[in-house]
Amino acid sequence: MRTGIATVCLSGTLKEKMQACAIAGFDGIEIFEQDLVTSPLSPEQVRSMAADLGLGLDLYQPFRDFDGVTPDLLKANLRRAEAKFKLMSRLGMDTILVCSNVATATIDDDGLRAEQLAQLANLAGDHGVKVAYEALAWGKYVNDYEHAYRLVEMVDHPNLGTCLDSFHILSRDWETSHIEAFNPEKIFFVQVADAPKLSMDVLSWSRHYRVFPGEGQFELAKFMGHVVRAGYSGPVSLEVFNDVFRQSDVERTAVDAMRSLIWLEEQSAKWLAGNAAGGAVDAGGALRRRYPMELATLPKVSEPAGFNFAEVKADDTAQLEKLLGQLGFAFEGRHRTKDVQLWTMGQARVIINEQAAQHAEPAIAALGFDVDSPVIASARAQQLKAPVVARKVQADEEVFQGICAPDSTEIFLCQGSPDGTAAWTREFGEGLEHPSAGASAVIDHVNLAQPWQHFDEAVLFYTSALALEPQPFAEVPSPSGLVRSQVMQTSDGAVRLVLNLAPVQQAPARQTYQEHIAFAVTDLVATARSARGRGLEFLQIPANYYEDLDARFDLEPGFLATLQELNLLYDRDADGEFLHFYTATVGSVFFEMVERRGSYDGYGAPNAPVRHAVQYDSLHRSQPSS
Ligand code: MG
Ligand code: MG
């Protein structure tokens with residue numbers, strides 16, 4: 001698959017954008033007109049720079065408001081087009097994007113439109129240029145990709161074809177299978193963008209909220225499957241207008257963009273293998289039917305089987321040790337060569353890492369996931385351009401395959417074992433073979449705060465590298481703003497990761513990045529009582545909460561009193577019940593204990609605003625008021 005990206009996706013100058021695209025490994029780029037107009041580089045310099053960088057200049061865009069106009073306007077439009085064709089020849093480019101008219105069209109007549117497009121195609125032919133005509137989702141008269149294609153067929157000129165843009169097609173919910181009937185010679189270009197499903201006008205949605213494939217909710221693999229089946233083999237190019245990407249680091253965004261295309265290519269091949277209309281799938285799932293577009297695949301991973309461990313880094317570990325002890329965790333000893341402690345409760349393993357942690361406030365630093373094959377999972381992540389974590393290992397120590405998540409959390413790919421133990425625990429204490437007896441517990445979920453500029457990147461990272469499935473996102477009110485919350489999980493719920501986009505605030509940094517590790521136990525009331533017996537201070541839940549709880553759920557009075565006495569939170573839905581409580585925050589970390597009853601699958605979402613408010617309150621009380 002030939003990969004491309006429009007310069008409008010990225011921040012920086014045209015030169016910086018082109019360099020970042022080359023570093024990220026794109027085959028070609030689309031030059032967005034404004035990037036050229038504002039550049040000090042001459043068209044000839046852009047051409048030679050692209051050649052030096054090994055980048056194809058695949059599309060010049062956009063040319064707006066051409067068709068369906070009065071004769072006077074047509075004359076002006078053709079003059080404007082000729083100027084661009086001459087410019088393209090200096091750039092060494094041969095394809096231009098012409099969007100359906102949104103502003104100046106006054107005549108709704110396909111015959112006239114075809115006649116005018118034919119004149120444009122003739123002129124383009126004189127200059128060796130190909131015109132890719134695209135239906136904008138908000139085009140005045142032409143806003144449907146099949147309509148645009150019908151016009152191309154009516155004109156039937158070798159210099160006129162269509163551009164298929166996934167956003168304009170999927171935002172309108174047009175049926176995509178009809179692409180397969182298109183003549184591939186008439187598809188001049190394909191642009192891809194994903195987007196979250198939003199209810200808003202399609203122009204604003206397109207200009208601000210497009211995201212890279214895998215970061216939104218469009219069915220892009222299916223769209224691409226139909227494009228491939230049509231016989232198209234040209235560039236597949238990202239055209240993503242996004243307010244955040246346009247102000248983030250250009251090289252990093254280019255890599256995120258490239259990752260999205262590598263992932264989409266694999267997903268498209270998978271979709272084709274699973275939807276073999278006309279083609280045959282052999283026993284290995286490979287498609288016997290060949291299409292002109294070659295689709296590369298990736299090392300296969302299945303979703304992780306569970307959390308292997310969670311690691312908290314801290315300089316001063318006293319408060320963490322106290323909290324874990326009060327919750328019922330057992331200290332299993334120190335690592336035999338490193339400044340690292342292991343704490344366990346059943347199969348829940350927490351590492352406290354004191355290495356390279358000078359002056360560091362306690363923070364979640366790493367997560368271990370159980371996978372079938374750490375080597376294959378790591379190979380996949382690296383092909384998806386995930387940075388590798390370098391860790392010192394001594395002889396006969398377990399070597400972990402580690403990759404770095406967009407928020408710098410280190411992700412370790414561990415060999416899972418059926419009995420839930422981990423071989424590396426032998427490196428601790430006196431040679432720990434088995435987890436301590438005691439309450440059975442597992443890591444239920446981990447909640448990570450994401451920097452605003454890396455949120456979408458993180459969704460794609462966990463989707464593509466770890467095969468976690470993004471759930472519809474929620475917004476949780478907190479005293480300092482709305483918190484966007486995105487659950488990423490495995491289909492069986494064994495791994496649940498919650499990505500939170502914290503509001504940008506003026507408050508001290510420690511308030512911005514509160515993260516937590518939640519442990520599931522089988523009897524939360526008993527766990528809470530023992531913890532209280534060991535002196536644990538709970539987050540104090542307001543009495544108003546329990547009144548509201550009673551009003552909503554009509555709880556048995558004794559049970560309600562127990563919840564209130566122990567500061568427990570409660571939720572119930574059609575699947576089951578959920579009990580949980582939170583500890584105080586140490587550094588940027590706090591812990592949560594949960595009990596899932598029945599097949600409750602959520603996270604106590606109705607209680608999240610209470611938690612935010614109580615934490616906000618307790619942090620403010622602990623600050624000196626200036
Ligand atoms: Mg487009
Ligand atoms: Mg939670």
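First listed ligand is number 1; within each ligand, the first listed atom is number 1.
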For the Mg ion (ligand 1), how many protein N, O or S atoms come closer than 2.8 Å? 4
According to the interplanar angle, ranging from 0 to 90°, do the rings of Phe245 and Phe212 count as parallel (below 30°), tilted (30 to 60°) or perpendicular (above 60°)? parallel
Looking at Arg207 and Asp243, is there a salt bridge between them, counting it only when a charged N and a carboxylate O are closer than 4.0 Å? no
Salt bridge or not between Asp165 and Arg210? Use side-chain N to carboxylate O under 4.0 Å. yes
Carboxylate-amine/guanidinium proximity below 4.0 Å for Lys385 and Asp256: no
Taking only residues two or more places apart in sequence or in another chain, which ones pass side-chain hydrogen bond (donor to acceptor under 3.5 Å, both in side chains) with Glu303? Ser491
Kindly state whether the ring of Trp174 and the ring of His168 have centres lying under 6.0 angstrom apart. no
